[in-house]
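Residues: numbered from 1 along the sequence shown.
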Amino acid sequence: MLISPVTYDVIVIGGGHAGCEAALAAARSGCHTILLTHNLDTIGFMSCNPAIGGLAKGQLVKEIDALGGEMGRNTDATAIQFRVLNTKKGSAVRSSRAQVDRQAYRLRMKSVLERQRKLELKQAPVNRIFLENGRVRGVETSWGEQFLSHTVIVTTGTFLRGLIHIGLSQFPAGRMGDPPSVELSQCLKDLGFEMGRLKTGTTPRLDGKTIDFSQLDCQNGNNPPLPFSFSTREITQPQVPCYITYTNQTTHEIIRSGLDRSPLFTGIIKGTGARYCPSIEDKVVRFSDKDRHQIFLEPEGYNTSEYYPNGLATSLPLDIQIRMLRTIKGLEQVEIMRPGYAIEYDYINPTQLLPTLETKSIQNLFCAGQINGTSGYEEAAAQGIMAGINAALKVQGKPPFTLDRSEAYIGVLVDDLITRGTKEPYRMFTSRAEYRLVLREDNADLRLRDKGYQLGLVSEDDYARYQEKKKTIEQERERLKMVKINPHKMVNDTLCSLGSNPIKNATTLEELLRRPELSYEDISVFDPNHPEVLPTVAQEIEIQVKYQGYIERQEEQIARFKKMERMKIPPTLDFSSIPNLSTEVREKLSKIQPVSLGQASRISGITPAALSILMIYLKKLGHLEMRGT
């Protein structure tokens, strides 16, 4: 047995998106960290679509960036197309998305990790986690090497007993081309964790040289492209288009002809897949009334001819994949470079985790990413940075760091997982965030940059820029309240030309900006002395002014939410001893072990009556603590 002479502060198992953010957060916090992975060449690899962000996912990336994470910066440096989604809807549901050069993203992320002080990388598959006195002591690799550590973060993605399906063929793999992690999955079961089985899938990759783009609708990105990271000043690399095509009835007939060899429909796949992202065969069966389904052809990078047909995830046999593709407009002669497939994998029930993502049963053991039942690079990275931060804080003997549902989408994500659990791959949606009007992606830095700086993850330069932005917004908002314009003919003629009603009395610029048809740029024509501000600053000012009433109303709701969150439940409370609660409620409370009355109220099946009983019991015993103001 080879035992490492170094006792690390943090060990990170896995080099995916959760592992990268966890390792960087821990190392940037000053902890001696080591990342162990099956293959150093696949650090930061994008196993599915070559894109970052999307609806609600864009908010997660912005929040990761505001805290000092890397995903946003890495995207800005390697993306080949940027788009803001939902621009015709309110600012609360707008989200950024970027097509990324898959190989450039991976290589840059690996370089960032390699250059990070206090962080080591090693190619070493982990088979076992071992304990000492009920807490983590270290890990053991498949070739018998032991690494000792104060904390361990497990970020194994789809590798735990991963099994790939293509038609009726199946073989063990963590993803195509990589071996699964079988021993580690068994180790987690032996440690007493409740495990489940999930399924996800990906599309075939197409040879762009065999696609007839002249038949397809071209989809360009935003010009100029808007960065993800609050640290990025501008995007300088060239942008490329995506293309749109559609399936048709012939496509659907071929898909139906292969269902007898589909692992999904023959019952071979046992894991639960995601309802919101079904395979093409599932869509054809479930939505049999639809004549076609939209397909986005997304380039995988500057220096490759591979295209990702977003919307065509499948585990059908290869011959069916080829036949169905060649019925689609523009793909009549297409060649498949890599087949589509489904993959099943193990995960742990996330209700076994604390809000810090530390496991309840084993001290100093953290889990982040798809092992917790989530789906998506962004959800994984968000958990990774939180686990990395809290592992470092645990080592340093400092209080834990958590975000609640009113502070960030990250808070919604973690709370949903640990309070409600999941039986299917969890994906973030804007509809999951009840306070989404104040959790916009444009203000993620205003919400979280101070916290990232206090944690030591945000550089002095970035923090200084943030403070200047915040100061400018505050000063300009005050100025707009003071500057008035009078109802002169020229003023009213200009208002009419802008599609707005004339004014009858002296009106402040703030009052004008509240009008839905006027932008910050529009009102500047009445304000020759206005300061020059960045577009992002102008956008923030405009949103704050236009939505002020709604924001204030939501802040009142948040105040009520915070009151419940401050009612802390002691961790030693025996829920089974509380009289007048039903057996079902006692069992649910004992399983979840909520840390506050607020969290208890969100557990499925906990009624208002049960919550009142719990509150009265805690007050009677003097256990109900009110923390914070």
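Applying the ring-ring contact (aromatic ring centres under 6.0 Å, His included) rule to pairs touching residues 266-303 yields His252-His293, Tyr276-Phe429, sequence neighbours excluded.
Partners of Arg326 by side chain to side chain donor-acceptor pair (under 3.5 Å), not counting sequence neighbours, listed by chain and number: Glu335. Shown here are the salt bridge (Lys or Arg N to Asp or Glu O under 4.0 Å) partners of Arg73, two or more places apart in sequence or in another chain: Glu70.
Side-chain N/O atoms of Glu441 and Ser96 include a donor and acceptor closer than 3.5 Å. Using modelled atom types, one finds no donor on one side chain facing an acceptor on the other under 3.5 Å when comparing Asp442 with Gln539. Under the 3.5 Å distance criterion, with hydrogens and angles disregarded, a donor-acceptor pair is assigned to the side chains of Glu281 and Ser315. Residues Ser305 and Asp207 have side chains that bring a donor and an acceptor to within less than 3.5 angstrom of each other. A side-chain donor from one of Thr374 and Gln383 sits under 3.5 Å from a side-chain acceptor of the other.
Using modelled atom types, one side-chain atom of Asp76 and one backbone atom of Phe228 make a donor-acceptor pair closer than 3.5 Å. Side chain of Arg465 to main chain of Ser231: a donor-acceptor pair is present (N/O by atom type, distance under 3.5 Å, no hydrogens or angles). Counting only distance, with no hydrogens or angles, the side chain of Tyr341 and the backbone of Met176 share a donor-acceptor pair below 3.5 Å. Panel note: side chain Gln321, backbone Leu316; a donor-acceptor pair is recorded below 3.5 Å. Listed for the Ser185 side chain is no donor-acceptor partner under 3.5 Å among the backbone atoms of Val182. Remark: the backbone N or O of Leu40 is paired with a side-chain donor or acceptor of Gln123 at under 3.5 angstrom. Of the possible polar contacts, none joining the Glu424 side chain to the Thr422 backbone as a donor-acceptor pair under 3.5 Å is found. Not a single donor-acceptor pair under 3.5 Å links the side chain of Glu140 to the backbone N or O of Arg128. Judged purely by atom type and a 3.5 angstrom limit, Asn49 has no side-chain atom pairing as donor or acceptor with the backbone of Tyr308. The backbone N or O of Pro350 sits nowhere less than 3.5 Å from a side-chain atom of Asn372 that would complete a donor-acceptor pair.
Only one option out of Arg161, Lys199, Lys270 pairs with Asp346 in a salt bridge (charged side-chain N to carboxylate O under 4.0 Å, His left out); it is Arg161.
When all heavy atoms of Arg275 and Pro278 are compared, the pair lying nearest together is O-CD, 3.4 Å.
Under a 4.0 Å N-O distance rule, the pair Glu379/Arg432 does not qualify as a salt bridge.
Side-chain contact between Ile295 and Leu331 is absent, with no heavy atoms from C-beta onward closer than 4.5 Å. Side-chain contact between His38 and Asp178 is absent, with no heavy-atom pair separated by less than 4.5 Å. Between Tyr243 and Gln219 the shortest side-chain heavy-atom distance does not fall below 4.5 Å. Within the 4.5 Å cutoff, the side chain of Phe159 has no heavy atoms near those of the Gln370 side chain.
Geometrically, Lys329 does not engage Tyr246 in a cation-pi contact, judged by NZ or CZ lying under 6.0 Å from the ring centre and within 45° of the ring axis. In this structure, Arg175 forms no cation-pi arrangement with Phe45, as its terminal cationic atom is not both closer than 6.0 Å to the ring centre and no more than 45° off the ring axis. Relative to the six-membered ring of Tyr466, Arg449 misses at least one condition, a distance below 6.0 Å or an angle of at most 45° to the axis.
Aromatic pair Phe213/Tyr307: ring centres closer than 6.0 Å.
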